[in-house]
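Working notes for the structure below.
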2 protein chains.
Amino acid sequence: MTTIRDVAKLAGVSPATVSRVLNNKGYVSEEKLKIIDKVIKEMNFQPNQVARGLTKKSSKTLALLVTDITNPFFSELAKGAEKITQQLGYSLLLGNTGGNNPEKNADYMNFLKNKYIDGFIIATHDIDVEVLKKNYKSPMVILEADKDIENLCTIKVDNYHGAIEATKHLLSIGCQKIAHIYGPQYDATAKDRLRGFKTSMKHQEGSSGIEYPGDFSIMSGIESIQELLKKHSDIDGIFAGNDLIAIGVVKELNRLKIKIPEQIAVCGFDGITLTQITSPEITTIEQPIYKMGELAAERLIYRINHSFNETESIELKAKLVIRESTVKSAIDSKQ
Amino acid sequence: MTTIRDVAKLAGVSPATVSRVLNNKGYVSEEKLKIIDKVIKEMNFQPNQVARGLTKKSSKTLALLVTDITNPFFSELAKGAEKITQQLGYSLLLGNTGGNNPEKNADYMNFLKNKYIDGFIIATHDIDVEVLKKNYKSPMVILEADKDIENLCTIKVDNYHGAIEATKHLLSIGCQKIAHIYGPQYDATAKDRLRGFKTSMKHQEGSSGIEYPGDFSIMSGIESIQELLKKHSDIDGIFAGNDLIAIGVVKELNRLKIKIPEQIAVCGFDGITLTQITSPEITTIEQPIYKMGELAAERLIYRINHSFNETESIELKAKLVIRESTVKSAIDSKQ
DNA sequence: CTGAAAGCGCTTACAG
DNA sequence: CTGAAAGCGCTTACAG
C-alpha cells in the first residue's frame with residue numbers, strides 16, 4: 001500500500017505538504033501543487049481512510065437503522081440513502097433493529113460509536129430517540145418521528161392530509177360505509193392517518209366510518225377484514241392503514257370471491273411496489289420513499305460537513321395513485 | 001471519550017498491559033487481570049475501533065454488495081447476513097451496484113479498500129469476480145457464482161435439481177405442455193434451471209416442453225405469457241425461471257380470466273415471500289435465502305479470523321413448496 | 001509557503 | 001509477567 005510518505009518522497013516534499021493538497025487546505029505553491037498532483041495520479045494514491053479517521057474522528061460512513069430491511073418500505077428507503085451516500089463519498093452501514101430489544105440496539109449503537117460513524121439515519125421505533133440524543137451528539141436524521149426534535153433533522157410525510165385524500169377518494173366513488181384499519185398508535189404515522197380519517201368522515205351525511213385496530217402487516221389485513229365483515233356486512237370501502245394491510249385485505253376478499261371494487265373498494269397507504277403486483281392493483285397514497293432516503297442522506301451529510309445542528313423538520317407530500325381497486329369502470333371495461 | 005491510557009492510569013498499570021487483557025493475548029497476572037477488568041467495567045471502556053483498526057489493518061466491518069436491495073431476494077439475504085455480522089461483533093456495509101457500470105463499482109471497491117474492510121460478500125453480477133480477485137486479497141464469499149473460485153468461498157443453491165423437482169411436480173399433476181420462461185443465460189442460476197428443465201422433459205412421452213427467454217422481472221412474466229399464449233394456446237403449465245416472472249404470469253392470467261391452476265398451473269423459483277401474497281398463492285422452489293445470508297457472513301468471518309483461504313464451495317438444497325397455483329383440489333374445494 | 005514534530009488511540013515486538 | 005518505545009498513516013498547529 002502506498003502511503004503519503006511515498007508520495008512525499010517522490011514529489012520531493014514533506015508529507016505535510018502532500019496532506020495540504022489532499023485536504024485542499026492551507027497554502028501550497030502552484031509549482032509544488034502541480035508536481036504533487038501528478039505524483040498522486042501516477043502512484044494512484046488514495047489516502048488511508050482509517051488513519052485519516054483516527055485524526056479527524058470521522059470514518060466517512062453513515063449508519064442507517066431500519067426496523068426490517070425485508071419490508072419494502074425500508075429497502076426502498078435504503079436504496080435511496082445508499083445512492084446519495086455513495087455519491088457523496090461516504091459509505092452506508094446497515095443495521096436491522098427488528099425484533100431486538102432496545103437494550104441490544106443500544107449496545108449496537110455503542111459499538112458504532114467506537115467506529116467514528118459520522119451520522120445516523122434512524123428509521124425505526126426500536127430505538128428511543130431521547131436516549132439516543134442523550135448518548136450521541138452525532139448528527140442524525142430521524143424519519144417518521146412523532147414530533148420535531150431539537151437540534152436534529154426530522155423527515156416525514158404528511159400522513160394526515162394523505163389520509164384525508166384517501167378517505168375523500170373513497171367517498172367520491174360512492175362508498176357509504178368505510179372502515180379504516182389503523183396501525184399501532186405508538187407510531188406517529190398510524191396516529192396521523194387515523195386522525196385524517198376521522199376528520200374526513202365528520203359531517204359526512206349518508207356515510208359512516210368504522211375504525212378497526214390492526215398492526216401494519218399482511219396477516220393483520222386478512223384477520224381484520226374477516227372480523228369486520230362479521231360485524232358489518234355492508235362495508236363497501238376499506239382504507240387500510242398501510243399497503244401491507246391493504247394487500248392482506250385484497251387477498252382475503254379475493255378468497256371470499258368478494259368483488260373489488262364493485263362490492264368493496266380498497267385503498268392503501270405507502271406506495272410500495274407490491275401494490276402493483278396484486279390483482280386488482282391497489283390504489284394507494286404514495287409516499288416518495290426513495291426520495292426520502294435520498295433526502296435523509298443528503299441532509300445528514302450536509303449537517304456533517306457544515307456542523308449544522310439547527311432543528312429542521314421536512315414534510316413531504318404524499319399523493320393519491322388511483323389503481324384498479326377503486327376504479328369501477330376500469331374493471332367493468334375488462335368484463 | 002475514555003482511552004486505554006485512562007484505564008491504565010486508574011488500574012495502576014501500563015497501557016500495554018491493558019491492551020493485553022483487551023486482546024486476551026500475552027501474559028497478565030491474575031491479580032492485574034482482575035483489577036483491570038474491574039476498571040474497564042467501571043469506566044465502561046470500549047476500545048476505539050478506528051485506532052485499533054489502524055494498527056491491525058482491520059475495521060471489523062464487512063461489505064455486502066447486492067444488485068438491488070429492493071429485490072426481495074437480496075433484502076432477505078441482507079437480513080440474514082446482517083444478523084450474523086452484528087452477532088459476531090462486526091458491522092455490515094451495504095453496497096447497491098444495480099445499474100451502475102462496472103467501472104463505478106470498481107471505484108467503490110477501491111474506496112472500501114482504504115477503509116480496511118475485512119471481507120466481502122458479493123451477491124451481484126455487476127462486478128467481475130476475476131478482476132476482484134486480482135485487486136483484492138481480502139476474504140470473500142461469492143453467491144450464485146457460475147463455478148468454484150480458487151481460494152474463495154462460493155455459496156449457491158442446487159438450481160439444477162430444484163428445476164427438475166419443479167418440472168416433475170408439474171408433470172405429476174398432469175400438465176402435458178409445459179413452458180419454461182428462463183432468465184438471462186449469463187446468469188449461472190438461470191442456466192442451471194434451464195438445464196434442469198430440459199433434462200426433466202426428455203423422454204416424457206405425452207408431454208412436451210417449450211423454452212422461452214425472459215429476464216427475471218414481473219414485467220417479463222407478463223409479456224412472456226402473452227407471447228406464449230399466442231403461439232401455444234394449449235399450454236397447461238408454466239415453470240417460471242424465478243418468482244418475479246411467476247408473479248407476472250399469475251397477474252396476467254388473472255387479468256385474462258384464465259384459471260390457475262385448472263387451465264394453467266404455475267410454479268416459480270426462489271421462495272420470496274411475495275409468492276404468498278398473490279391470489280392464488282404460488283407454488284415455488286424455495287431457496288433458503290435468509291440462511292444463505294447467515295451462512296455467507298458466518299463463513300466470511302471464519303475465513304477472516306482463521307486466515308482460511310482454501311477453495312470452498314457450499315451447495316444448499318432448494319425445496320418444493322406446494323401452494324394454490326398447482327393444487328387443483330384446493331381450489332376446487334373452495335368453489 | 002513549507003517542514004519537523006506531536007498527536008489521534010491503539011498494538012506489538014523487545015528488553016528486562 | 002510488565003512497561004517503554006516505536007509504529008500504524010494521517011493531520012494539524014507551530015515555527016520559520
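In what follows, every heavy atom counts, from backbone to side chain, and hydrogens, waters and symmetry copies are set aside. Residue numbers start from 1 in every chain, and the chains themselves are labelled A, B, ... in the order their sequence lines are given, proteins ahead of strands.
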For atom [atom1] of [X] and atom [atom2] of [N], their distance in whole Å:
X      : N      : atom1 : atom2 : answer
B/N24  : C/dT12 : CG    : C1'   : 16 Å
B/E30  : D/dC1  : CD    : P     : 9 Å
A/N114 : C/dC8  : CG    : P     : 17 Å
B/Y116 : C/dC10 : OH    : P     : 17 Å
B/L22  : C/dC10 : CG    : P     : 8 Å
B/L54  : D/dA6  : CG    : P     : 18 Å
A/K115 : C/dG9  : NZ    : P     : 18 Å
A/N23  : D/dC10 : CG    : P     : 11 Å

Strictly by salt bridge (Lys or Arg N to Asp or Glu O under 4.0 Å), give each pair with a member in [range] just once, sequence neighbours left out.
range                       : value
residues 5-21 of chain A    : none
residues 139-155 of chain B : none
residues 61-76 of chain A   : A/D68-B/K79
residues 83-94 of chain B   : B/K83-B/E294

Side-chain N or O of [X] less than 4.0 angstrom from OP1 or OP2 on [N]?
X     : N      : result
B/R52 : C/dG9  : no
B/T3  : C/dG9  : no
A/K57 : C/dG9  : yes
B/T55 : C/dT11 : no

Checking [X] now: which residues fulfil side chain to side chain contact (heavy atoms under 4.5 Å, CB included) with it, not counting sequence neighbours?
X      : answer
A/A190 : A/Q185, A/D187, A/F216
B/K56  : B/N23, B/R52, B/S58
B/T124 : B/L65, B/T67, B/T97, B/I122, B/D126, B/I127

Numerically ordered, the residues 40-49 of chain B set in heavy-atom contact under 4.0 Å with DNA chain D is none

Side-chain donor/acceptor pairs under 3.5 Å, residues 39-51 of chain B, sequence neighbours excluded:
{"unit_1": "B/N48", "atom_1": "OD1", "unit_2": "B/V50", "atom_2": "N", "d": "2.7"}
{"unit_1": "B/N48", "atom_1": "OD1", "unit_2": "B/A51", "atom_2": "N", "d": "2.9"}
{"unit_1": "B/N48", "atom_1": "ND2", "unit_2": "A/Y116", "atom_2": "OH", "d": "2.7"}

What nitrogen or oxygen pairs link the protein and nucleotides 2-4 of chain C at under 3.5 Å?
{"unit_1": "C/dT2", "atom_1": "OP1", "unit_2": "A/S29", "atom_2": "OG", "d": "2.8"}
{"unit_1": "C/dT2", "atom_1": "OP2", "unit_2": "A/S29", "atom_2": "N", "d": "2.8"}
{"unit_1": "C/dG3", "atom_1": "OP2", "unit_2": "A/S14", "atom_2": "N", "d": "3.1"}
{"unit_1": "C/dG3", "atom_1": "OP2", "unit_2": "A/S14", "atom_2": "OG", "d": "3.2"}
{"unit_1": "C/dG3", "atom_1": "OP2", "unit_2": "A/T17", "atom_2": "OG1", "d": "2.7"}
{"unit_1": "C/dG3", "atom_1": "N7", "unit_2": "A/R20", "atom_2": "NH2", "d": "3.0"}
{"unit_1": "C/dG3", "atom_1": "O6", "unit_2": "A/R20", "atom_2": "NH2", "d": "2.4"}

Between D/dT12, D/dG9, C/dT12, spot the one nearest the side chain of A/K25, thanks.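 Taking heavy atoms from C-beta onward, the closest nucleotide is D/dT12.
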
Stems involving DNA chain C: give each as a range paired with a range, ordered by first number, where a stem means at least three consecutive Watson-Crick or G-U wobble pairs under 3.5 Å. C:1-3 with D:14-16, C:5-12 with D:5-12, C:14-16 with D:1-3

Please figure out whether A/V18 or B/A51 has its closest DNA chain D nucleotide nearer the 5' end. B/A51

Pairing residues for A/K60 by the side-chain hydrogen bond (donor to acceptor under 3.5 Å, both in side chains) criterion, not counting sequence neighbours: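 side-chain hydrogen bond (donor to acceptor under 3.5 Å, both in side chains) list for A/K60, sorted by chain: empty.
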
Nearest heavy-atom neighbours spanning B/P15 and B/A8: N-CB, 3.6 Å

Option passing side chain to side chain contact (heavy atoms under 4.5 Å, CB included) with A/F120 (candidates A/L152, A/L64, A/L112, A/L62):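 For A/F120, the side chain to side chain contact (heavy atoms under 4.5 Å, CB included) check succeeds only for A/L112.
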
Are side-chain heavy atoms of B/C153 and B/I314 found at a separation under 4.5 Å?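 Yes, close enough: below the 4.5 Å cut-off.
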
